[in-house]
Enquirer: 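One structure coming up, written as structure tokens, with questions to follow.
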Amino acid sequence: MTVRVRIAPSPTGYLHVGTARAALYNWLFARGRNGVFILRSDDTDSERNEPEYQDDIVGSLRWLGLDWDEGIEVGGPHAPYQQSLRFDRYREVALDLLGRGLAYYSFATPEQLDEFRKEAQAAGRTPAYDGRFRVDAEVAADRVASGEQAPIRLAVPRPGSTTFNDSVRDEVTFDHDQVDDFVILRSDGSPTYHLASTVDDVDFGITHVMRGEDLLSSTPKHIILTEAMGAKRPVYAHLALLMGPDGKKLSKRHGHTALNAYRADGIMPEAMVNYLALLGWSPGEDETVVSLEDMVERFRLEDVTKNATIFDNDKLEWMNGVYIRELAVDDFVARVAPLVEADLRRGLSSAESGQLAAIAPHVQERAKRLTDVAGQVAFLFGDVEYDDASWEKVMTKPEAPIAVAAAVAGLATLDDWSTTGVETTLRTMLEETELSARKGFQPLRVAVTGSTVSPPLFESIEVLGRDVAVARLEAAATRMGH
RNA sequence: GGCCCCGUCGUCUAGGGGCCUAGGACGCCGCCCUCUCAAGGCGGUAACGCCGGUUCGAAUCCGGUCGGGGCUACCA
């Protein structure tokens, strides 16, 4: 039987990193087994759905490099893959269950239910609704026929229990008195999540349901429903939730929860995938940088950890640096050029593109995020902006004017304008002025780049060009009062 | 409150009775390299929540306890 898995986000918010991780695990599982990966939209909540979110979900998944075989925007044999378009089907299932006595119209009032739950809780019993206010089928039918609106609840078999074998958690059992007679169809005729989701899983032939642990205790409901529909239950695998640094469920106050924010912050999709994959899964050996092919080949549900995992930005950033350094230089330039232009708020001329390409290898190994680069190369494409602290720290020292003057003298007449030419000239300057490299070069760096921190000095000067470099040195000399 | 899940360095993890004086990675600290900052190299810091039990032997098995998390809607 071919493996069929799905990810089913609700378009009520941007793609959450936790959902992205679940999507990745499903994708890895499918790809490693010749399976089918499906993207479905669980958009039953018309109040909170936004097209913007749907677009973000699709776009973010694609950005990560995850493709799907059936679903939103690609269609497939079970189209549409959008719950809001399948309400008739859910109603049909609910009515069928009703007809077979497996579900019933519920006339319990919210007050009754509320009171029941309060009493149960006060008595230390479980507050799950057991259907005690259920009325006779004929009575119910009459009331509905006379126009009364009522939700349909599933009649959970009592007494009873549901046991299932979770692929990551092993055997889990829920006694049915922990499971209430939950609503499957609201009184307005719309389906609840539980109904829509399990009908789709059945209809779409889903074989493995991999999802967040927050749905673990809903699983018996889904199993009872599935089997009431006469279908075979899928294999379940519940992934532990992502936590913030304080151990609480990852939320906005911890920083970013939306995947798109990481993209905007200069995280590479390849790094994100690698990081997310290892957040709760281990290939078993002492490896941290793993190729996508390796992941596909080695991913197994049994190797997914049960522990809740804390999202660690530092490690993500480190890994992003690793991936940035692995890039071919021209690929790096291609990814970074638009960011530099955005920062400049203008396009790069072809000469400037050449400068960017020339300095690229030197900033590539210094970047942790793609967005770091614009700031590191800004000195090439505009006037110098002196960083106050840098100026104060370096240019007020007695050796600063000496070093700058000597550099101007040397560079202005340099014939061989190359990295080595610049270096030789400046090292000669060092000997003449009897300054250490540190003391002699820092003033030049500040004069030329505006900061004590920059790409390597000789390369920076070379790429800047003689005219600009010398002009900046002279301007700095003037500013120092010499 | 009830039910369910989970507990190895600060974090992600390896480990599945002796290979564990517990390994790797991030972070942090130190040294080296060095024109700054990074990168890189080398070294260091740091964990089996606790209590019992089983066993010749327990991070590994069992029980309890404590701690964390999830669910407990006509939300998803």
Side-chain angles (χ1 to χ4, degrees), chain A residues 8-10 12-13 42-45 47-48 106 108 110 113-114 117 120-129 149-153 166 168-169 172-175 177-180 182-188 190-194 196-197 212-220 238 240-241 243 245 247-249 275 278-289 305-319 321-322 325 362-368 372 376 390 394 423 426-427 430 436-442 444-446 449 451-458 460:
Chain A
S10 294
T12 53
D42 278 14
D43 57 348
T44 50
D45 189 347
E47 297 290 304
R48 296 192 294 151
S106 173
L113 259 15
D114 205 46
R117 291 187 183 113
Q121 199 170 118
R125 282 181 284 112
T126 173
Y129 175 54
Q149 296 217 311
I152 296 178
R153 290 180 182 273
D166 189 289
V168 351
R169 273 154 225 292
V172 182
T173 298
F174 287 87
D175 196 292
D177 53 40
Q178 301 302 329
V179 182
D180 51 14
F182 57 105
V183 171
I184 56 176
L185 201 71
R186 299 188 189 96
S187 45
D188 67 0
S190 67
T192 60
Y193 164 77
H194 300 301
S197 178
E213 196 193 344
D214 50 340
L215 266 350
L216 185 64
S217 36
S218 297
T219 303
H238 287 92
L241 268 16
M243 303 296 181
K248 305 286 183 196
K249 193 172 172 181
Y275 178 70
L278 262 41
L279 237 196
W281 170 71
S282 164
E285 281 148 60
D286 293 338
E287 291 177 68
T288 45
V289 179
T305 48
K306 313 181 211 288
N307 310 17
T309 52
I310 293 176
F311 194 91
D312 181 7
N313 264 304
D314 285 341
K315 192 159 185 174
L316 203 215
E317 201 170 62
W318 165 81
M319 189 165 280
V322 170
R325 274 171 255 127
H362 309 290
V363 294
Q364 185 174 2
E365 61 186 44
R366 291 170 164 72
K368 283 190 167 155
D372 289 345
Q376 294 174 342
S390 294
V394 174
E423 175 164 11
L426 294 182
R427 292 215 182 271
L430 231 45
S436 67
R438 192 180 193 93
K439 287 192 168 184
F441 289 160
Q442 279 301 77
L444 308 186
R445 187 187 310 281
V446 173
T449 71
S451 168
T452 52
V453 177
S454 82
L457 183 62
F458 316 130
S460 295

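Every chain is numbered from 1 and lettered A, B, ... according to where its sequence line falls, protein lines coming before strand lines.
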Enquirer: When you compare G67(B) with C61(B), how far apart are their C1' atoms, in angstrom units rounded to a whole number?
Expert: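 The same atom, C1', in both gives a distance of 22 Å.
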Enquirer: Say you pick atom C1' in C56(B) and the same atom in U72(B); how far apart are they, in whole Å?
Expert: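 After rounding to an integer number of Å, I get 48 Å for this pair.
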Enquirer: Identify whether any heavy atom of A437(A) sits under 4.0 Å from a base atom; if not, whether one sits that close to sugar-phosphate; answer base, sugar-phosphate or nothing.
Expert: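 Sugar-phosphate: the residue A437(A), judged by heavy atoms under 4.0 Å, touches backbone atoms but no base.
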Enquirer: Which heavy atom in R366(A) sits nearest to a heavy atom in H362(A), and how many Å separate them?
Expert: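 Result for this residue pair: NH1-O, 2.7 Å.
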Enquirer: Donor-acceptor pair, distance only, cut-off 3.5 Å: does the side chain of D166(A) make one with the backbone of H238(A)?
Expert: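 Yes; judged by distance alone, with no hydrogens or angles, the pair exists.
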Enquirer: Looking across every strand, which nucleic acid part, if any, lies under 4.0 Å from F458(A) by heavy atom: base, sugar-phosphate, or nothing?
Expert: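 Here F458(A) touches the bases of the nucleic acid.
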Enquirer: When you compare the protein's N or O atoms with those of nucleotides 66-69 of chain B, which come within less than 3.5 Å of each other, and at what distance?
Expert:
residue, atom, partner, partner atom, Å
G69(B), OP1, K248(A), NZ, 2.2

Enquirer: Counting only side-chain heavy atoms from C-beta out, which of U8(B), U36(B), A25(B) sits nearest to N307(A)?
Expert: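 Of all the options, the side chain of N307(A) is nearest to U8(B).
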Enquirer: Under a 3.5 Å limit for both distances, which nucleotide forms a Watson-Crick or G-U wobble pair with A14(B), could you say?
Expert: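 The answer is none; no pair meets the criterion.
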Enquirer: How close do A240(A) and N307(A) get, heavy atom to heavy atom, and via which atoms?
Expert: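 Between these two residues, the closest heavy atoms are CB-O, 3.1 Å.
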Enquirer: For G7(B), what is the paired nucleotide under Watson-Crick or G-U wobble rules, both distances under 3.5 Å?
Expert: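 Check on G7(B): paired to C66(B), both distances under 3.5 Å.
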Enquirer: Of the nucleotides A76(B), C35(B), C12(B), which has the atom closest to the I310(A) side chain?
Expert: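 The listed nucleotide nearest to I310(A)'s side chain is C12(B).
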Enquirer: Rounding to a whole Å, what distance do you find between L278(A):CG and C12(B):P?
Expert: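 Interatomic distance, CG of L278(A) to P of C12(B): 12 Å.
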Enquirer: Whole Å only: how far is the NE2 atom of H238(A) from the P atom of C5(B)?
Expert: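 In whole Å, C5(B) P lies 12 Å from H238(A) NE2.
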Enquirer: Under 4.0 Å, heavy atoms only, any strand: does G212(A) hit a base, just the sugar-phosphate, or nothing?
Expert: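 The answer is nothing, as G212(A) stays clear of every strand by at least 4.0 Å.
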Enquirer: What's the closest nucleotide to the side chain of S217(A) if the choices are A76(B), A25(B), C71(B)?
Expert: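 Output: C71(B).
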Enquirer: In whole angstroms, how far is the P atom of A76(B) from the OH atom of Y193(A)?
Expert: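 Spelled out: OH on Y193(A) to P on A76(B) is 9 Å.
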Enquirer: Using atom C1' of each nucleotide, how far apart are A58(B) and G18(B) to the nearest Å?
Expert: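 My reading of the C1' atoms in A58(B) and G18(B) gives 10 Å.
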Enquirer: What's the shortest heavy-atom distance between P151(A) and V183(A), and which atoms?
Expert: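 For P151(A) and V183(A), the tightest heavy-atom pair comes out as CB-CG1, 3.9 Å.
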Enquirer: Given G10(B), U36(B), C74(B), identify the nucleotide with an atom nearest to the side chain of V453(A).
Expert: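 Looking only at side-chain atoms, V453(A) lies closest to U36(B).
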Enquirer: How close or far is atom C1' of U34(B) from atom CD of E365(A), stated in whole angstroms?
Expert: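 Between C1' of U34(B) and CD of E365(A): 12 Å.
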Enquirer: Does S454(A) offer a backbone N or O that forms a donor-acceptor pair with the side chain of S451(A) under 3.5 Å?
Expert: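 Checked: no pair found.
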Enquirer: Distances under 3.5 Å only, N/O to N/O: pair up the protein atoms with those of nucleotides 14-17 of chain B.
Expert:
none

Enquirer: Using only heavy-atom distances, decide whether a donor-acceptor pair under 3.5 angstrom links the side-chain of K368(A) to the base of A38(B).
Expert: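 By the distance-only test, no, there is no pair.
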Enquirer: Can you tell me the Watson-Crick or wobble partner of A22(B), both distances under 3.5 angstrom?
Expert: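 A22(B) is paired with nothing.
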Enquirer: Who does C31(B) pair with, Watson-Crick or G-U, both distances under 3.5 Å?
Expert: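 WC or wobble partner is G41(B).
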Enquirer: Could you grab the distance from atom CD1 of I152(A) to atom OG of S106(A), nearest 0.5 Å is fine?
Expert: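 Those atoms lie 10.5 Å apart.
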Enquirer: Partner lookup for U54(B), please. Criteria are Watson-Crick or G-U wobble with both distances under 3.5 angstrom; report none if nothing qualifies.
Expert: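 Matched U54(B) with nothing under the 3.5 Å cut-off.
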Enquirer: Both G124(A) and L316(A) contact RNA chain B. Taking the nearest nucleotide for each, which residue is further toward the 5' end?
Expert: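 Its nearest nucleotide lies further toward 5', so the answer is G124(A).
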Enquirer: Side chain of T126(A), heavy atoms from C-beta onward: which of G2(B), U36(B), C74(B) has the nearest atom to it?
Expert: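 It is G2(B).
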Enquirer: Could you give the CE-to-P distance, from M319(A) to G27(B), as a whole number of Å?
Expert: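 In whole Å, G27(B) P lies 11 Å from M319(A) CE.
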Enquirer: Test for a donor-acceptor pair under 3.5 Å between the base of C5(B) and the side chain of R169(A), counting only N and O atoms.
Expert: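 A donor-acceptor contact between them is absent.
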Enquirer: Please check this pair: side chain of S390(A) against backbone of T452(A), looking for a donor-acceptor N/O pair closer than 3.5 Å.
Expert: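 A pair under 3.5 Å: yes.
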Enquirer: What are the two closest non-hydrogen atoms of F441(A) and L430(A), and how far apart are they?
Expert: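 Minimum heavy-atom contact is CZ-CD2, 3.6 Å.
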Enquirer: Quick check: does any side chain N or O of Y193(A) sit under 3.5 Å from a backbone N or O of D45(A), one acting as donor and the other as acceptor?
Expert: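 No; judged by distance alone, with no hydrogens or angles, the pair does not exist.
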Enquirer: How many Å lie between CG on D166(A) and P on C4(B), as a whole number?
Expert: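 About 15 Å, once rounded to whole Å.
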Enquirer: State which of G1(B), G27(B), A76(B) makes the closest approach to the side chain of P127(A).
Expert: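 So the side chain of P127(A) is nearest to G1(B).
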Enquirer: Mind checking the P distance from G64(B) to G24(B)? Whole angstroms is fine.
Expert: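 Result for the P pair: 36 Å, nearest Å.
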Enquirer: Quick one: label S106(A) by what it contacts on the DNA or RNA (base, sugar-phosphate, nothing), any heavy atom closer than 4.0 Å.
Expert: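 Nothing, no nucleic acid heavy atom in range.
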Enquirer: Can you name the closest pair of heavy atoms from S217(A) and F174(A) and give their distance?
Expert: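 Scanning both residues, the minimum pair turns out to be CA-CZ, 3.7 Å.
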Enquirer: Can you check side-chain contact (heavy atoms from CB on, under 4.5 Å) on L216(A) and R169(A), steps first, answer last?
Expert: CA-CA 10 Å; L216(A) 185 64; R169(A) 273 154 225 292; 4.1 Å; yes
Enquirer: Between G40(B) and U8(B), how far apart are the C1' atoms? Round to whole Å, please.
Expert: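 That atom pair is separated by 30 Å.
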Enquirer: Take atom C1' in A14(B) and the same atom in C5(B), then report the distance between them in whole Å.
Expert: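 Those two atoms are separated by 22 Å.
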Enquirer: Over all heavy atoms of both residues, which pair between T126(A) and D177(A) is shortest? Give the atoms and the distance, please.
Expert: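 Minimum heavy-atom contact is CG2-O, 2.9 Å.
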Enquirer: Nearest whole angstrom, please: distance from the C1' of C74(B) to the CZ of R117(A).
Expert: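 From R117(A) CZ to C74(B) C1': 10 Å.
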Enquirer: Counting side-chain heavy atoms from C-beta on, which of A76(B), C35(B), A73(B) comes nearest to L215(A)?
Expert: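 Taking heavy atoms from C-beta onward, the closest nucleotide is A76(B).
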Enquirer: Just checking S436(A): base, sugar-phosphate only, or nothing, at a heavy-atom cut-off of under 4.0 Å?
Expert: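 Touches nothing.
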Enquirer: Rounding to an integer number of angstrom, what distance separates C9(B) and A47(B) when you compare their P atoms?
Expert: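 The answer is 9 Å between these two P atoms.
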Enquirer: Which of the following nucleotides, G1(B), C35(B), A38(B), is nearest to the side chain of Q121(A)?
Expert: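 Side chain of Q121(A) sits closest to G1(B).
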Enquirer: If you measure from the C1' atom in G41(B) to the same atom in G49(B), how many Å do you get, rounded?
Expert: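 Going atom to atom, C1' in each nucleotide, I get 37 Å.
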Enquirer: Keeping the roles fixed (side chain from K368(A), backbone from W318(A)), state whether a donor-acceptor pair exists under 3.5 Å.
Expert: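 Such a contact is absent between K368(A) side chain and W318(A) backbone.
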Enquirer: Is there a donor on the side chain of S187(A) or the base of C74(B) sitting less than 3.5 Å from an acceptor on the other?
Expert: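 Such a pair exists between side chain and base.
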Enquirer: Looking at every strand, decide which applies to T452(A) at a 4.0 Å heavy-atom threshold: base, sugar-phosphate, or nothing.
Expert: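 The residue T452(A) makes base contact.
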Enquirer: Of the listed nucleotides (C37(B), C35(B), A76(B)), which one gets closest to any side-chain atom of R48(A)?
Expert: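 The answer is A76(B), which lies nearest to the side chain.
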Enquirer: Which one, C74(B), C12(B), C5(B), comes nearest to the side chain of L216(A)?
Expert: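 Between C74(B), C12(B), C5(B), the one nearest the side chain of L216(A) would be C5(B).
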Enquirer: Hey, is the side chain of R366(A) pairing donor to acceptor with the base of C37(B) inside 3.5 Å?
Expert: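 In this structure, the two groups form a donor-acceptor pair.
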Enquirer: Mind calculating the distance between CG (D177(A)) and C1' (C3(B)) to the nearest angstrom?
Expert: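 Interatomic distance, CG of D177(A) to C1' of C3(B): 9 Å.
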Enquirer: Report the residue (V322(A) or K306(A)) whose heavy-atom-nearest nucleotide on RNA chain B is the more 5′ of the two.
Expert: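 First, find each residue's nearest nucleotide; the 5'-ward one identifies K306(A).
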